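Below is one structure, written out as structure tokens; the observations come after it.
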There are 2 protein chains.
Amino acid sequence: MNARDDSKPLALPALYEQVAERLRARIYAHELAPGAWIDEQALADEFGISRTPMREALKVLAAEGLVVLKPRRGCYVAQMSERDLDEIFPVLALLEGRVAEEATRRLASADDGSRRPANSDFERLAALHAELERHAAANDADRFFEINQAFHETLQELAGNRWLSHLINDIRKFVKLTRRDSLRLEGRIQQSLVEHRAILAALERRDASAAAHAMHDHILSGRAALSQLMKGS
Amino acid sequence: MNARDDSKPLALPALYEQVAERLRARIYAHELAPGAWIDEQALADEFGISRTPMREALKVLAAEGLVVLKPRRGCYVAQMSERDLDEIFPVLALLEGRVAEEATRRLASADDGSRRPANSDFERLAALHAELERHAAANDADRFFEINQAFHETLQELAGNRWLSHLINDIRKFVKLTRRDSLRLEGRIQQSLVEHRAILAALERRDASAAAHAMHDHILSGRAALSQLMKGS
DNA sequence: GCGGATAATACTGTATCCATAATTATGAAC
DNA sequence: GTTCATAATTATGGATACAGTATTATCCGC
């Protein structure tokens with residue numbers, strides 16, 4: 001999150017950024033497995049670039065926590081410990097709860113305040129939720145998670161705190177390391193859906209406190225689901 | 001914060017890390033002023049290194065938000081906007097409040113639970129606070145801020161959530177951009193001291209909720225102080 | 001046969017070099 | 001005199017080459 005980022009929408013991303021994005025995708029897909037060593041030269045060759053932008057990209061990923069740089073030893077894909085999960089999720093719940101709270105307040109103040117299209121923001125959220133219901137019914141996990149992310153992002157946008165969003169995104173980048181595992185959870189989607197309904201209901205009632213609590217519990221519920229999984233495997 | 005970082009304590013930091021650290025110091029000291037262009041070549045020459053580690057260091061600082069990388073335009077020191085302050089401090093207050101809350105709980109559970117030296121952790125905090133009182137009396141702003149930081153770090157350590165600490169540290173890295181300004185605030189030290197007393201009192205009473213609130217207000221008070229300053233200048 | 005030491009190999013980390021793009025200065029035209 | 005266009009300069013971004021260190025394998029000694 002840059003303090004000054006009001007540059008023109010053009011300005012294509014630098015090569016190292018593109019490389020970082022491709023690496024993230026591979027890590028999330030577990031094509032680069034947690035704990036695996038990253039062969040700079042091999043990957044650079046594969047991408048058709050030199051080691052320089054590859055190394056710069058790895059520095060960025062290291063700052064994000066997706067990889068671990070061991071001096072003179074090379075670069076390894078990060079792996080989450082149980083302790084990491086125990087520490088991250090409560091914080092994420094705290095932050096996401098605040099987002100829900102702020103977003104609800106914005107909805108409420110938009111109700112009586114401005115003259116703009118009556119609660120169009122809420123309609124957007126409701127539409128996304130409806131999509132969630134559909135994908136859940138179709139048992140389409142990938143689409144569900146995609147729309148789920150869109151829902152949370154829309155809420156963040158509504159809350160209007162870029163730094164809050166920034167921190168959440170940083171955390172989520174790391175949590176995504178378990179995305180593959182999360183997708184394997186049968187029943188989690190239904191549970192998630194129930195929780196989302198509670199969030200949406202609180203939003204509709206403009207009950208900021210309830211929205212915050214519902215979101216908070218929703219996040220912690222996600223962590224509990226991961227616990228189940230790890231215990232089983 | 002690395003998921004796997006249990007490497008040997010040796011392994012000296014890579015050159016780019018050292019460079020990043022030196023750059024941070026210069027930025028905080030406003031030797032590299034907010035908004036200023038960073039001349040890679042000149043700085044590399046000055047440090048007696050090549051541009052490669054310098055560029056890698058800048059990538060790291062960019063990830064931290066301390067500098068802004070404009071493609072094909074170079075690197076500029078970040079500058080905080082009023083909006084940044086308005087968005088950051090409430091989040092920081094939220095997180096630091098949680099730290100105080102958790103730390104207090106740890107103190108409380110250590111009281112009846114374990115057999116170890118009776119509330120030695122609290123004594124450490126009390127000792128740091130006593131130092132704060134001394135430096136405040138001597139009007140030694142630099143030392144005050146140093147010990148203040150130590151106090152907050154000790155509290156984080158006590159809270160025992162590495163990710164919570166990690167996020168706070170990330171934010172503080174950025175907030176430090178205004179450190180020079182904060183130091184110029186006459187009267188802020190006395191105010192800060194009063195708030196610290198409230199925090200310490202809550203800790204002593206093992207009142208987690210009060211500690212959280214006191215810390216929360218303490219952080220927001222810091223932001224209010226910066227407001228005053230900006231209005232004046 | 002096993003353990004330690006040494007040498008070879010391979011990868012990280014740093015430096016140098018080249019190309020491309022952006023900015024600025026200079027000159028010409030209106 | 002001002003503005004626009006073009007050229008030159010300068011810095012960024014990327015590639016390649018080199019050095020240093022860690023790891024591993026092999027050989028010698030016990």
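Heavy atoms only: backbone and side chains are in, while hydrogens, waters and symmetry mates are out. Values in this document were obtained by computation on a predicted structure and should not be read as measured data. Just so we're on the same page: letters track the sequence lines, and every chain starts at 1.
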Checklist entry - Could R179(B) and D142(B) be called an ion pair, given the rule that one side-chain N must be under 4.0 Å from one carboxylate O? => result yes
Next on the checklist: I need the OH-P distance between Y76(B) and dA11(D), as an integer number of Å.
Outcome noted: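 Distance, rounded to whole Å: 11 Å.
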Checklist entry - Atom CG of L15(B) and atom C1' of dA19(D): how far apart are they, to the nearest Å? => result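 The distance from CG of L15(B) to C1' of dA19(D) comes to 14 Å, rounded to the nearest Å.
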For the residue pair [Y] / [X], report whether a side-chain donor-acceptor contact shorter than 3.5 Å exists.
X: R223(A); Y: S227(A); value: yes
X: S221(A); Y: R188(A); value: yes
X: T178(A); Y: D181(A); value: no

If you look at every heavy atom in [X] and [Y], which pair is closest and at what distance?
X: F89(A); Y: V175(A); value: CZ-CG1, 4.0 Å
X: Y16(B); Y: A57(B); value: O-CB, 3.4 Å
X: L15(B); Y: P53(B); value: CD2-CG, 3.9 Å

Checklist entry - What bend angle does the helix from dG1(C)-dC30(D) to dC30(C)-dG1(D) show across its length, from five-pair end axes and to the nearest 10 degrees? => result 0°
Checklist entry - What are the residues of residues 40-58 of chain B, sorted by number, that bring a heavy atom to within less than 4.0 Å of DNA chain C? => result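 The answer is I49(B), S50(B), T52(B), P53(B).
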Next on the checklist: Can you list everything that forms a ring-ring contact (aromatic ring centres under 6.0 Å, His included) with H218(B)? Sequence neighbours excluded, please.
Outcome noted: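 Residues passing ring-ring contact (aromatic ring centres under 6.0 Å, His included) with H218(B): H152(B), H196(B).
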Next on the checklist: Can you confirm if the NZ or CZ of R180(A) lies within 45° of the ring axis of Y28(A) and under 6.0 Å from the centre of its six-membered ring?
Outcome noted: no
Item to check | Partner set under salt bridge (charged side-chain N to carboxylate O under 4.0 Å, His left out) for R83(B), not counting sequence neighbours | outcome: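 Expected list: E87(B).
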Item to check | pair E102(A)-L155(A): side-chain heavy atoms closer than 4.5 Å | outcome: no
Checklist entry - Is there a side-chain contact between L23(B) and L43(B), using heavy atoms and a 4.5 Å cut-off? => result yes
Checklist entry - What is the 5' to 3' range of DNA chain C, first to last nucleotide, that sits under 4.0 Å from any heavy atom of chain A? => result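 From 5' to 3', the first and last contacting nucleotides are dC11(C) to dT14(C).
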Write out a two-atom table: protein N or O, nucleotide N or O from nucleotides 20-22 of chain D, distance below 3.5 Å.
unit_1  : atom_1 : unit_2 : atom_2 : d
dG20(D) : N2     : R72(A) : NH1    : 3.4

Next on the checklist: One pair to check against salt bridge (charged side-chain N to carboxylate O under 4.0 Å, His left out): R24(B) and E21(B). What are the steps and the verdict?
Outcome noted: CA-CA 5 Å; R24(B) 283 190 203 101; E21(B) 194 52 41; 2.6 Å; yes
